J.: 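Have a look at this one before I ask anything.
Start at 1 and go down the list; that is how both ligands and their atoms are numbered. Note that the numbering runs from 1 along the sequence shown for the chain. Please read all numbers here as calculations on a predicted model, not as lab measurements.
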Amino acid sequence: MQDLLPRENLPAGYLVCRYGEPGDSAYIIEAGGVEVVTPEGISIAQLGAGEIFGEVALLDRQPRTASVRTLAETTLLRIDRVHVQELLKRTDPVIRHLLTVLLERFRARSQFQLPADRRAAVEDGRIATQTLMLTQDLAHAVANDQLELAYQPLVDLPRRRLLGFEALIRWRHPLLGPIVPTSLIALAEKTGLIHSLSEWVLRRAVGDWPEMRRWCCQDADCIPFISVNLSAPDLSDPSIIGVVANLLQRSGLRSGELHLELTESTLIEDRDQVSSILTQLASLGVKVALDDFGTGYAGLDCLKSLPVSCLKIDQVFVREMLTSQRSHEIVSTAIALARSLGMTTIGEGIEEESVASTLEQLGCDIGQGYHFARPLALSSVAAWVTEARRLGHLQGTVLCD
Ligand code: C2E
Ligand code: CA
Ligand code: CA
């Protein structure tokens, strides 16, 4: 970023900014030092390399509240308003709003102009308040067991046996009704609630698993599994290892029974950290699946260097594979790649039998999608299995009572 900022070399005693003039820039001191002086000429602060000044007037467009003079030969990096406004535009509305409130209080003036127009500021305020209230409600829901999980069946494509389930979060807000899972996860990630949310999901899914396992394939060549989604922040915090280890120990899950789904974007955040955490999770007997494969930018080398044992081919390609040659190519290449690396493949978003059978012919191991079942409440799993068997959609399952 520093390369974008103009550098100014100034002699000692140079007046960088004057009390009362408009503040169009803030400065980072690269070398040397400055003193901050009141209109009466009293020096109130001395700042050195690495420090910043002029930021308040820059942000709230009010005149400078003090003058600043160099104490020695000094190099400054100038941050101008256009640059800051570009950054602010890309900032979360909650942060923009908090900044606005903070500046308003700091200056004790009412005509702040951040962001540039008043309407945008009001909108930021509205979004910020809603987000903060929703965050509060979500924290309450996590702490008080008010979230739910839906379980979507995973079916062995060649033999149509039930292999396991993916756990998917559901939240019915008391006033707003059902919240879209992707929005809920985005909110949790943004506010740091994701760690307690993921822990809740893991606990609940592992706790519910014995009830679901009874309905899954019991053949000797099968290890039925429950699959849980994790987010990028979960993989940047080593405490997830202790959480999972603890849970596995207490629940007595066998090796291979817990799968964790991660997207490619998770893997590229802090490569070394993620790699170390995944290796430790794998050593606990946890299988790692790469979710939404084909939509991210992780690069193929991560498949070799990380302990990933399953690729979940994203539903956009699966959905179009019978109508788009390109999607068909992507799916068949992904399956071939996974096979050559000894990985399992799951085709997501299967809505028709023709797609299921095409995937099967291409060598895809497992299918998931509305064609088999929508995500189910735990209490509906038994009825779904019974009906699917009756219709001949599921084979070879042995119920262990
Ligand atoms: P995902 O992990 O890719 O999950 C699959 C999504 O596709 C689910 O949406 C599922 O309901 C939907 N789906 C499954 N089969 C079909 C189909 O045949 N057709 C169509 N159109 N959709 C199908 P859902 O439950 O809305 O979840 C959306 C995303 O939210 C998930 O995508 C995942 O990224 C995230 N998510 C859900 N639960 C959790 C969770 O507990 N933790 C985390 N970190 N993320 C979660
Ligand atoms: Ca998933
Ligand atoms: Ca997916």
J.: When you measure from the heavy atoms of E348 to every atom of ligand 1, does any distance fall below 4.0 Å?
T.: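 A heavy atom of E348 does come that close to ligand 1.
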
J.: Side chains of S276 and T279: any donor to acceptor distance under 3.5 Å?
T.: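 Short answer, no.
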
J.: Could any protein non-hydrogen atom be found less than 4.0 Å from atom 25 (O) of ligand 1?
T.: yes

J.: Decide whether an N or O pair under 3.5 Å exists between N229 and ligand 1.
T.: yes

J.: Strictly by modelled atom types, are E320 and S327 linked by a side-chain donor-acceptor pair under 3.5 Å?
T.: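 A donor-acceptor contact under 3.5 Å links the two side chains.
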
J.: Decide whether the shortest distance between a heavy atom of R374 and an atom of ligand 1 is less than 4.0 Å.
T.: no

J.: Pairs of nitrogen or oxygen atoms closer than 3.5 Å, one from Q368 and one from ligand 1: do any exist?
T.: no

J.: For L267, which of L303, V288, L235, L262 qualifies under side chain to side chain contact (heavy atoms under 4.5 Å, CB included)?
T.: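 So, applying the side chain to side chain contact (heavy atoms under 4.5 Å, CB included) to L267 and each of L303, V288, L235, L262, only L262 qualifies.
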
J.: Taking atom types as modelled, is there a side-chain donor on S198 or D234 under 3.5 Å from an acceptor on the other?
T.: yes

J.: Would you call the rings of Y151 and F165 parallel, tilted or perpendicular if under 30° counts as parallel and over 60° as perpendicular?
T.: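 The rings of Y151 and F165 stand perpendicular, inter-plane angle above 60°.
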
J.: Rounded to the nearest 10°, what angle sits at the Ca ion (ligand 2) between OD1 of N229 and OE2 of E166?
T.: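 With the Ca ion (ligand 2) as the vertex, the angle is close to 90°.
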
J.: Report, in ascending order of atom number, the atoms of ligand 1 lying under 4.0 Å from any heavy atom of G369.
T.: 15 (N), 18 (O)

J.: Heavy atoms of the protein only: does one fall short of 4.0 Å from atom 42 (N) of ligand 1?
T.: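 Yes, because at least one protein heavy atom sits under 4.0 Å from atom 42 (N) of ligand 1.
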
J.: Of all the heavy atoms in E166, does at least one lie under 4.0 Å from an atom in ligand 1?
T.: yes

J.: Are there protein heavy-atom neighbours of atom 32 (O) of ligand 1 below 4.0 Å?
T.: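 So far as the 4.0 Å threshold goes, atom 32 (O) of ligand 1 is out of reach of every protein heavy atom.
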
J.: Polar contacts were defined as any N/O atom of the residue lying under 3.5 Å from an N/O atom of the ligand; does this apply to A167 and ligand 1?
T.: no

J.: Among all the protein's non-hydrogen atoms, which is closest to atom 3 (O) of ligand 1, and how far away is it?
T.: D292 OD1, 3.2 Å

J.: Going from CD on E351 to CZ on R374, what distance comes out if it is rounded to the nearest 0.5 angstrom?
T.: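 With rounding to 0.5 Å, CD (E351) is 7.5 Å from CZ (R374).
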
J.: Sorted by chain and residue number, which protein N/O/S atoms are under 3.0 Å from the Ca ion (ligand 3)?
T.: D291 OD1, D292 OD1, E348 OE1, E348 OE2

J.: Determine, using heavy atoms of K312 and all atoms of ligand 1, whether some pair is separated by less than 4.0 Å.
T.: no

J.: Are side-chain N/O atoms of W209 and E257 paired as donor and acceptor at under 3.5 Å?
T.: yes

